[in-house]
**Q** 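Take this structure, written in structure tokens, and hold onto it; I'll ask about it next.
In what follows, chains are A, B, ... by sequence order, proteins preceding strands, each numbered from 1. Heavy atoms only: backbone and side chains are in, while hydrogens, waters and symmetry mates are out. As the structure is a computational prediction, the values presented were derived from the model and not from experiment.
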Amino acid sequence: MAPKPSLNEQQQQAVEHIGSPLLVLAGAGTGKTRVITEKIAWLIRKAKVDAKNIAAITFTNKAAREMKQRASDILSSDEAKGLTVSTFHTLGLTIIRKEYKHLGYKAGFTIFDAQDSSTIIKELTFSEAVADNDDGSENDDDIRWIISRWKNDFVSIDKAFEIATTAHEVRAAKLYRSYQRQLKAYNAIDFDDLILLPLQLFKEKPEVLKEWQNKFRFLLVDEYQDTNVCQYELVKLLTGLRKELTVVGDDDQSIYAWRGAKPENIAQLQTDYPNLKVVKLEQNYRSTSLILESANALIANNDHLFEKKLWSSLGEGEKIRIIPCKSADHEVETVIGEIMKYNFRDKAKYQDMAILYRSNYQSRLFERYLRSNNIAYKLSGGTSFFERAEVKDILAYLRLIVNTSDDAAFLRVINTPKRSIGASTLEKLGNYANERQISLFAASQEMGFAQRVSGKAAALVQSFIFWLNDLIVSSHESKPHALVERIVTEIAYEDWLKNICSSDKQAEQRMANVYEIIDWTRRLYEDGEGKETIAEIIAHMCLMDLLERNQEEEEDNAISLMTMHTAKGLEFPYVFLIGIEEEILPHANSMEEDGLDEERRLAYVGITRAKQHLTITYANVRNKYGEKISCEPSRFLEELPEQNCEWADRVVVSPEQMQATSQSYIANLQAMLED
DNA sequence: CTTCATACTTGCCGG
DNA sequence: AAGTATGAAG
């Protein structure tokens, strides 16, 4: 890494402020991560704070990893010893793992992902539908969202009933209550609980809070505009009276309102801490002026909590190129043509380029064309490693072994691979477990249940349970990865995969993922770090799942494909924003009130990713569900200063491009035939 | 009672 | 395109 220039005055101020809460308003590209890491170093070296009393909190594992890395670049390992750099959710898990007894949980609790939560809610709405004789299956996911929002907003169940106005919301409140009960019964917590439970605990048990306040005497929070109500409350409680709190944020980059983020938390600080010190970082070290000015002009259309003017000394730079395209295919060809042109003419590296879009599905066409043109790319998002069926299957076995109350895991596992235990047997099992208020696992070993089903079904369930119990026993003695291997072998998982996969290649790939888990388990076990038990390994993996959707193997010199959401915090010399059309950005469902502002901020985030070259494209015609629909360029394009943009009205196709296009066309046909 | 095959429907915001 | 409803066969 090149030697860093010294900090500017504002950055220095932020680093050295101590004694009262500090808000750093850090615009895009103003070096906020650097301020945090330098501040950590300053606290340790100059203010003589013990590293173990400092906690830096981020939102993603990636940000945490980067920050840890950068801190250890500055500090010796001795100085950094005991420093906490973690995500909100990992911190929550750390707290829960230590204090779960106060919360009424048992050891080996499971972390549910969205799918598991959905499963519970489906079960609940199903029994409800039976009782009310109405079919409520269609908005299960909607209900899950409402509940999640309440939890993020620190709305208790009682409060939810109070504020519920529509019948739908009242129903959601009822399900909220049963959902929470169910989680407890399964000895499980969901993603939102990772924040909510520590918060509840701290509110109820001041003596526990005090211990944690004593541990974390200096708090630093990154991406503060993304905090939700619970996260803010948690920060406030941990900060306590000592008030050594530094938060860094930018309300213009608040793009997570949909998952409960409250950018107002920034303004709230001033109310909550009258002696709040505010430092603005306005010098942008990333983009050239025309790009930055355009971003400023765009975001000026939003209301602001704090005014700030970003400026850059990197020179005027290139204009933003805006290229209208005839169709989606034309758009892909145009962008790839531009990419090859930059690569050929300017010797630009693919790793310096990014294609950014609003929604994940927009990557599909690009992937296909890039592949057929032999351009390496890395895709962030989509189905992550942990969302793959084979990974979830294996993890479900482990979850069940660690926590037999985990009905979601039980249901996933019981017929994967098929054990000839079908829907009606499971229905009876579910009913029995429900009546007795016990887990499916417990129910399946009871005589009462066996009597209700046919002898054959009972025997099948018995043998499964017998096998599981044996696993549970051996889980205490064998090494975690040996246990996983044993499971994979004994369920003949490879055969099962071959069976359900259409091609051998696919089965192989999926089996490779299974080996990856085994390997991972071994590594976690051998690395120790308190993750040696299966329960801890599972918890670790669940968190990876929840926070690490974008982990991709690092490929050399590959072009990046990701959503604008994912791109936040990153920068690239060459950026392509694609599909910048009405209904896409701004998204069709975000046209009302604040929705539009957030879409504008998203566009702002996209634009400010670019260092020197920004290209924006849109198509006039697109296929949707097989039908052709016409598209309008995004309204945000009109908000960019005209003199900063260069519109390509006619697309000039170069001979190379023509050739590339026809090549890609042929390759494309081949790719389609393969699929 | 379970499983497999086939046809049909709903669907693409974002972590 | 992926989940799911349906029906026939084991």
**Q** Here's a test of your reading of the structure: between A/R259 and A/N623, which maps to the more 5' nucleotide of DNA chain B?
**A** A/N623

**Q** Name the nucleic acid region contacted by A/A423, choosing base, sugar-phosphate or nothing; use a 4.0 angstrom heavy-atom cut-off, strictly under.
**A** sugar-phosphate

**Q** May I ask you to check whether A/F112 and A/F191 place their ring centers less than 6.0 Å from one another?
**A** no

**Q** Would you please confirm or rule out a distance under 4.0 Å between OP1 or OP2 of B/dG11 and any side-chain N or O of A/K624?
**A** no

**Q** Would you say the side chain of A/M562 lies within less than 4.5 Å of the side chain of A/L379, judging by non-hydrogen atoms?
**A** no

**Q** Is the shortest heavy-atom distance from the side chain of A/N61 to the side chain of A/T90 under 4.5 Å?
**A** yes

**Q** To the nearest Å, give me how far apart CG (A/N415) and C1' (B/dC1) are.
**A** 12 Å

**Q** With a 4.0 Å limit, can you tell me whether A/T566 has a side-chain N or O closer than that to the phosphate oxygens OP1/OP2 of B/dG14?
**A** no

**Q** Using a cut-off of 4.0 Å on non-hydrogen atoms, how would the nucleic acid contact of A/K568 be classed: base, sugar-phosphate, or nothing?
**A** nothing

**Q** Which nucleotide wins on minimum distance to the side chain of A/T425, given the candidates B/dT3, B/dC1, B/dG15?
**A** B/dC1

**Q** Does OP1 or OP2 of B/dT2 have a side-chain N or O of A/S420 closer than 4.0 Å?
**A** no

**Q** What's the closest nucleotide to the A/R358 side chain, out of B/dC13, B/dT2, B/dG15?
**A** B/dC13

**Q** Using whole Å, what does the distance between atom C1' of nucleotide B/dG14 and atom CG of A/L356 come to?
**A** 14 Å

**Q** Please tell me which of the listed nucleotides, B/dC13, B/dT3, B/dG15, lies nearest to the side chain of A/K418?
**A** B/dT3

**Q** In whole angstrom, give the distance that lies between atom CG of A/L561 and atom P of B/dG14.
**A** 14 Å

**Q** Please give, in whole Å, the distance from C/dA1 C1' to A/R364 CZ?
**A** 7 Å

**Q** With a 4.0 Å cut-off on heavy atoms, is A/I421 in touch with a base, just the backbone sugar-phosphate, or nothing at all?
**A** sugar-phosphate

**Q** Could you check whether the rings of A/W258 and A/H565 sit parallel, tilted or perpendicular, using 30° and 60° as the cut-offs?
**A** perpendicular

**Q** Can you tell me if the side-chain N/O atoms of A/T563 get under 4.0 Å from OP1 or OP2 in B/dG15?
**A** yes

**Q** Find which nucleotide of DNA chain B each of A/E598 and A/K428 is nearest to by heavy atoms, and output the residue with the more 5' nucleotide.
**A** A/K428

**Q** Among B/dC13, B/dT3, B/dC1, which nucleotide sits nearest the side chain of A/S359?
**A** B/dC13

**Q** Could you tell me whether the phosphate oxygens of B/dC13, OP1 or OP2, come under 4.0 Å of any side-chain nitrogen or oxygen in A/N360?
**A** no

**Q** Just how far, in rounded Å, is C1' of B/dG11 from CD1 of A/I629?
**A** 14 Å

**Q** Determine, for A/Y361 and A/R364, whether the Lys NZ or Arg CZ falls below 6.0 Å from the six-membered ring centre while staying within 45 degrees of the axis.
**A** no

**Q** In whole Å, what is the span from the CZ atom of A/R419 to the P atom of B/dC4?
**A** 14 Å

**Q** Between B/dG15 atom P and A/D192 atom CG, what is the distance in whole Å?
**A** 16 Å

**Q** So, A/W258 and B/dG14: ring centres less than 5.5 Å apart, planes less than 30° off, yes or no?
**A** yes

**Q** Exactly one of A/K392, A/R399, A/R144 should register a salt bridge (Lys or Arg N to Asp or Glu O under 4.0 Å) with A/D113. Which one does?
**A** A/K392

**Q** How close or far is atom C1' of B/dC13 from atom CD1 of A/I584, stated in whole angstroms?
**A** 11 Å

